[in-house]
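Heavy-atom basis, side chains included; hydrogens, waters and symmetry copies ignored.
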Protein chains: 2
Amino acid sequence: MLVDERRHRIAQLVLAHGAMTVAELSRRLGVSAVTIRSDLEALERQGILKRNRGGAVAPQVLRFAPAFQEKTSLHRREKERIADLAAQIVEDGEWIILDAGSTTLFLARRLRDRRLTVLVNSVYALNELVGAPNIELIAIGGSLYEPGLSFVGPLAESFLEGLHVDKAFLGVNGVDLRGISVNNAQEAGIKRRMIDAAEEVIVLADSSKIGVSSFVTIAPLKRVHVLITDSGAPGELLQEFREAGLEVLVA
Amino acid sequence: MLVDERRHRIAQLVLAHGAMTVAELSRRLGVSAVTIRSDLEALERQGILKRNRGGAVAPQVLRFAPAFQEKTSLHRREKERIADLAAQIVEDGEWIILDAGSTTLFLARRLRDRRLTVLVNSVYALNELVGAPNIELIAIGGSLYEPGLSFVGPLAESFLEGLHVDKAFLGVNGVDLRGISVNNAQEAGIKRRMIDAAEEVIVLADSSKIGVSSFVTIAPLKRVHVLITDSGAPGELLQEFREAGLEVLVA
DNA sequence: GTTTGGTTACGAAAGTTTACGTTAGTTTAC
DNA sequence: GTAAACTAACGTAAACTTTCGTAACCAAAC
């Protein structure tokens with residue numbers, strides 16, 4: 001097995017389970033614990049996971065409190081800047097969809113004092129916006145997908161059927177020339193519906209996700225209108241995105 | 001279990017319940033009290049919770065924390081007994097709807113360790129059941145109605161369209177011979193849909209609501225199969241309910 | 001024959017528990 | 001209503017266990 005292939009599988013396992021021990025990874029992949037550790041170190045440097053004594057945890061394994069998510073989030077600074085910029089392109093009175101994910105959660109916080117109708121797709125965002133005085137808050141229902149506490153499945157998808165919003169803010173795991181992608185099939189379906197429902201699709205992705213292709217491709221680049229990322233993203237690639245017709249904003 | 005994993009769970013437990021003792025956390029997570037204390041210290045440094053003698057509490061009064069509802073609930077004792085009885089008539093493997101309301105929230109807590117598919121209609125119940133190992137949790141989406149943090153409106157109502165569940169547990173404001181009633185029109189619509197979707201309709205109402213007629217009547221008594229109340233309810237009236245075909249359980 | 005990718009071996013470091021003296025709340029006695 | 005007595009929780013330190021990082025070594029590929 002090639003190094004990159006193994007590391008990809010490690011990343012998948014950790015992200016899918018939320019956490020994995022070195023011993024378990026060693027057993028599953030048939031390599032020594034030392035090798036697993038060096039893989040985890042490499043993956044941690046890339047911001048894909050967080051190491052712990054005994055193993056590694058997924059950065060977005062967070063449960064209940066928005067505050068907790070924010071504090072433990074990887075690339076927090078970048079995500080906050082992206083959210084700042086995203087908040088600026090939201091106009092009062094609009095109908096928007098806020099997808100699940102840490103960056104969109106930062107965005108939610110910045111919208112609390114605005115006058116908007118917001119459809120949210122995660123328990124975190126819901127909790128964050130409850131009680132905001134001028135926000136008409138709508139929860140997208142459906143089966144709860146635990147890793148990100150988001151709503152998925154056929155019930156969630158049919159909820160969005162026939163709905164139209166001005167803007168959809170999507171979080172993804174990868175953006176490259178082929179399109180946007182996520183690391184699980186459950187969330188892929190509902191994200192596709194959000195794209196269908198939105199006049200304008202805005203993808204929020206910090207630089208660790210640029211040029212990366214994750215497990216499931218949601219949509220080709222041409223379905224995306226705006227990409228907001230941070231200055232760590234490779235300039236040449238962003239230029240190629242622009243040539244493909246994408247509006248790219250760098251926070 | 002990895003350190004971060006455990007700390008996430010501690011944070012979740014403390015924030016979801018409002019407060020937790022060291023002993024209880026130690027028991028639930030299977031580590032010593034010393035370890036819990038060091039975790040609490042770390043979490044306190046991050047501002048996620050506040051330590052105090054015996055355990056830890058959520059930092060500010062989180063409006064959406066289920067514990068807040070429970071602690072401030074009127075007729076708490078009665079409602080807890082009603083919830084105990086209601087939990088007994090739920091059978092493993094069933095599909096049930098949990099309506100919004102304080103009594104149904106008490107019921108939610110009693111169902112955490114069961115194997116069920118639960119449709120919830122409030123943010124409180126959602127937060128309460130997140131992370132329950134054998135519960136397939138489905139949120140009814142829709143516009144958020146702030147007083148009870150419940151989902152209402154046409155989107156919520158059409159969510160339930162075509163769905164069928166074994167039991168629906170409803171909270172109401174009044175039960176008399178004319179039927180069940182609530183104090184606002186918004187929630188009336190979604191409650192009617194819950195009744196339509198359920199094989200068996202179970203109304204949870206403490207004795208202060210028996211013999212009371214509130215603002216909007218949801219349904220006549222004959223649409224209700226079971227009423228669970230407490231011993232403070234007037235016996236003659238309960239007898240009349242029984243004669244009208246209702247099964248009345250007194251907790 | 002050097003580079004790449006991996007293993008085994010082992011001392012160092014970190015996390016957890018047990019043990020124990022101290023402290024802070026609560027009850028009881030006056 | 002205060003003070004003594006009691007109980008439960010706390011912090012610290014030592015001991016134990018597990019995991020980590022480093023280094024020396026091995027094997028296949030180029």
Visitor: Look at B/Glu80 together with B/Arg110 and state whether they make a salt bridge at an N to O cut-off of under 4.0 Å.
Guide: yes
Visitor: Take the protein atom CG of A/Leu2 and the nucleotide atom C1' of D/dA28, then report the distance between them rounded to whole Å.
Guide: 14 Å
Visitor: Expressed in angstrom and rounded to an integer, what is the separation of B/Leu25 atom CG from C/dT16 atom P?
Guide: 15 Å
Visitor: Separation of B/Glu41 atom CD from C/dT16 atom C1', in whole Å?
Guide: 15 Å
Visitor: Can you find a side chain N or O atom of B/Arg53 that sits less than 4.0 Å from OP1 or OP2 on C/dT23?
Guide: no
Visitor: What integer distance in Å separates A/Arg7:CZ from C/dT4:P?
Guide: 14 Å
Visitor: Have a look at B/Glu94 and tell me which of B/Arg114, B/Lys167, B/Arg115 forms a side-chain contact (heavy atoms from CB on, under 4.5 Å) with it.
Guide: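 Only one of B/Arg114, B/Lys167, B/Arg115 forms a side-chain contact (heavy atoms from CB on, under 4.5 Å) with B/Glu94, namely B/Lys167.
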Visitor: So, A/Asn52 side chain and B/Asp4 main chain: donor-acceptor pair closer than 3.5 Å or not?
Guide: yes
Visitor: Report the distance from atom CZ of A/Arg51 to atom P of D/dT18, rounded to the nearest whole Å.
Guide: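 Whole-Å distance recorded here is 19 Å.
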Visitor: Let me know the distance between CD of A/Glu24 and P of D/dT18, rounded to the nearest Å.
Guide: 17 Å
Visitor: So B/Asp39, base contact, sugar-phosphate only, or nothing? Heavy-atom distance under 4.0 Å.
Guide: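 The answer is nothing, as B/Asp39 stays clear of every strand by at least 4.0 Å.
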Visitor: For D/dA8, which nucleotide in any strand shown is its Watson-Crick or wobble partner with both distances under 3.5 Å?
Guide: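 Across any shown strand, D/dA8 pairs with C/dT23.
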Visitor: When you compare the side chains of A/Glu187 and A/Ser150, does any donor N or O come within less than 3.5 Å of an acceptor on the partner?
Guide: yes
Visitor: Within the structure, does a side-chain N or O atom of A/Arg6 lie under 4.0 Å from either OP1 or OP2 of C/dG6?
Guide: yes
Visitor: At what distance, to the nearest 0.5 angstrom, does OH of B/Tyr124 lie from CG of B/Leu149?
Guide: 4.0 Å
Visitor: Look at the side chain of A/Arg37 and the base of D/dT19, then say whether one donor and one acceptor between them are separated by less than 3.5 Å.
Guide: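 There is none.
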Visitor: Considering non-hydrogen atoms only, spot the tightest contact between A/Val172 and A/Val182 and give its length.
Guide: CA-CG1, 4.1 Å
Visitor: Listed in order of residue number, which residues of residues 28-36 of chain B have a non-hydrogen atom at under 4.0 Å from DNA chain C?
Guide: B/Val31, B/Ser32, B/Val34, B/Thr35
Visitor: Go through the steps for A/Glu5 and A/Arg9 under the test salt bridge (charged side-chain N to carboxylate O under 4.0 Å, His left out), then give the verdict.
Guide: CA-CA 6 Å; A/Glu5 191 188 347; A/Arg9 286 187 57 190; 5.6 Å; no
Visitor: Could you tell me the separation between the CG atom of B/Leu40 and the P atom of C/dT16, rounded to a whole number of Å?
Guide: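 My rounded result for the distance is 13 Å.
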